[in-house]
Amino acid sequence: MSFTPLHDRVLVRRIEGDETTKGGLIIPDTAKEKPQGGEVVSVGAGGRREDDERIPMDVKAGDRILFEKWSGLEIKLDGDDLLIMKESDILGVIA
């Protein structure tokens with residue numbers, strides 16, 4: 001299925017964290033925190049200014065990003081757990 005977010009929204013796949021601690025202990029799923037990083041899957045065309053001019057997006061598909069812990073709306077698309085969030089929820093791009 002193809003999905004394109006509208007306006008200034010971004011579709012993100014979370015990047016899973018480590019399964020073990022530095023000491024080698026396995027972290028159970030119930031004790032894991034949600035990762036705050038992800039990969040941009042697709043982006044909308046951008047918001048609009050008052051004069052109806054398009055505001056370009058700062059991120060593109062394939063970018064690795066950091067976002068706030070509780071950002072976005074969790075959805076399931078073709079069996080994948082994804083997030084839809086506004087571009088303003090993104091804290092930065094990982095180089």
Side-chain angles (χ1 to χ4, degrees):
M1 175 188 296
S2 175
F3 180 85
T4 303
L6 297 177
H7 309 293
D8 65 340
R9 290 188 171 70
V10 180
L11 185 66
V12 176
R13 177 178 295 114
R14 284 188 195 268
I15 296 173
E16 293 300 322
D18 293 334
E19 300 285 323
T20 60
T21 65
K22 290 179 184 179
L25 297 175
I26 297 173
I27 303 170
D29 288 339
T30 55
K32 289 182 189 173
E33 287 195 27
K34 291 183 179 181
Q36 291 175 262
E39 180 182 355
V40 175
V41 176
S42 63
V43 298
R48 293 204 178 261
R49 294 188 174 105
E50 289 183 21
D51 62 358
D52 209 33
E53 186 178 328
R54 189 73 68 182
I55 301 169
M57 299 289 279
D58 290 328
V59 295
K60 62 187 179 309
D63 282 349
R64 291 176 52 113
I65 59 168
L66 291 176
F67 49 87
E68 296 180 16
K69 185 180 261 186
W70 305 109
S71 296
L73 171 69
E74 294 180 357
I75 64 166
K76 190 174 276 281
L77 200 64
D78 288 340
D80 288 333
D81 292 324
L82 303 169
L83 292 167
I84 297 177
M85 65 180 65
K86 289 187 151 257
E87 185 183 33
S88 60
D89 289 340
I90 296 172
L91 302 174
V93 178
I94 301 170

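Sequential numbering from 1 along the given sequence is applied to the chain's residues.
- Counting heavy atoms from C-beta outward, E68 and L91 have side chains that approach closer than 4.5 Å.
- Two residues are said to be in side-chain contact when any heavy atoms from C-beta on lie closer than 4.5 Å; F67 and L83 meet this criterion.
- Cluster membership check: F3 shares its hydrophobic cluster with V41, using side-chain heavy-atom separations under 4.5 Å among Ile, Leu, Val, Met, Phe, Trp and Tyr.
- For the pair E39 (side chain) and V12 (backbone), a donor-acceptor distance under 3.5 Å is absent.
- Taking 4.5 Å as the limit, some side-chain heavy atom of M57 sits within range of a side-chain heavy atom of V10.
- Cluster annotation: V93 and M85 are assigned to the same hydrophobic cluster (Ile/Leu/Val/Met/Phe/Trp/Tyr, side-chain heavy-atom contacts under 4.5 Å, transitive).
- When all heavy atoms are compared, the tightest approach of I65 to V40 is CG2-CG2, 3.9 Å.
- Taking 4.5 Å as the limit, some side-chain heavy atom of R64 sits within range of a side-chain heavy atom of I15.
- Going from atom CG of L11 over to atom CD1 of I75 covers 5.5 Å, rounded to the nearest 0.5 Å.
- A heavy-atom distance below 4.5 Å is not found between the side chains of H7 and E87.
- For D89, the side chain to side chain donor-acceptor pair (under 3.5 Å) criterion is met by no residue, not counting sequence neighbours.
- Note: the hydrophobic cluster containing L73 also contains L77 (ILVMFWY, side chain heavy atoms under 4.5 Å, direct or indirect links).
- The side-chain contact (heavy atoms from CB on, under 4.5 Å) check on D51 picks up R49, E53, with sequence neighbours excluded.
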| said: For a side-chain contact (heavy atoms from CB on, under 4.5 Å) check, start with the C-alpha distance between R48 and R54, then their side-chain angles and the critical distance, and finish with the verdict. | reply: CA-CA 5 Å; R48 293 204 178 261; R54 189 73 68 182; 2.6 Å; yes
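- Following chains of ILVMFWY side-chain contacts shorter than 4.5 Å, one cannot reach L66 starting from V59, and the two form parts of different hydrophobic clusters.
- Every residue meeting the side-chain contact (heavy atoms from CB on, under 4.5 Å) condition with D80, not counting sequence neighbours, appears here in chain and number order: R13, L82.
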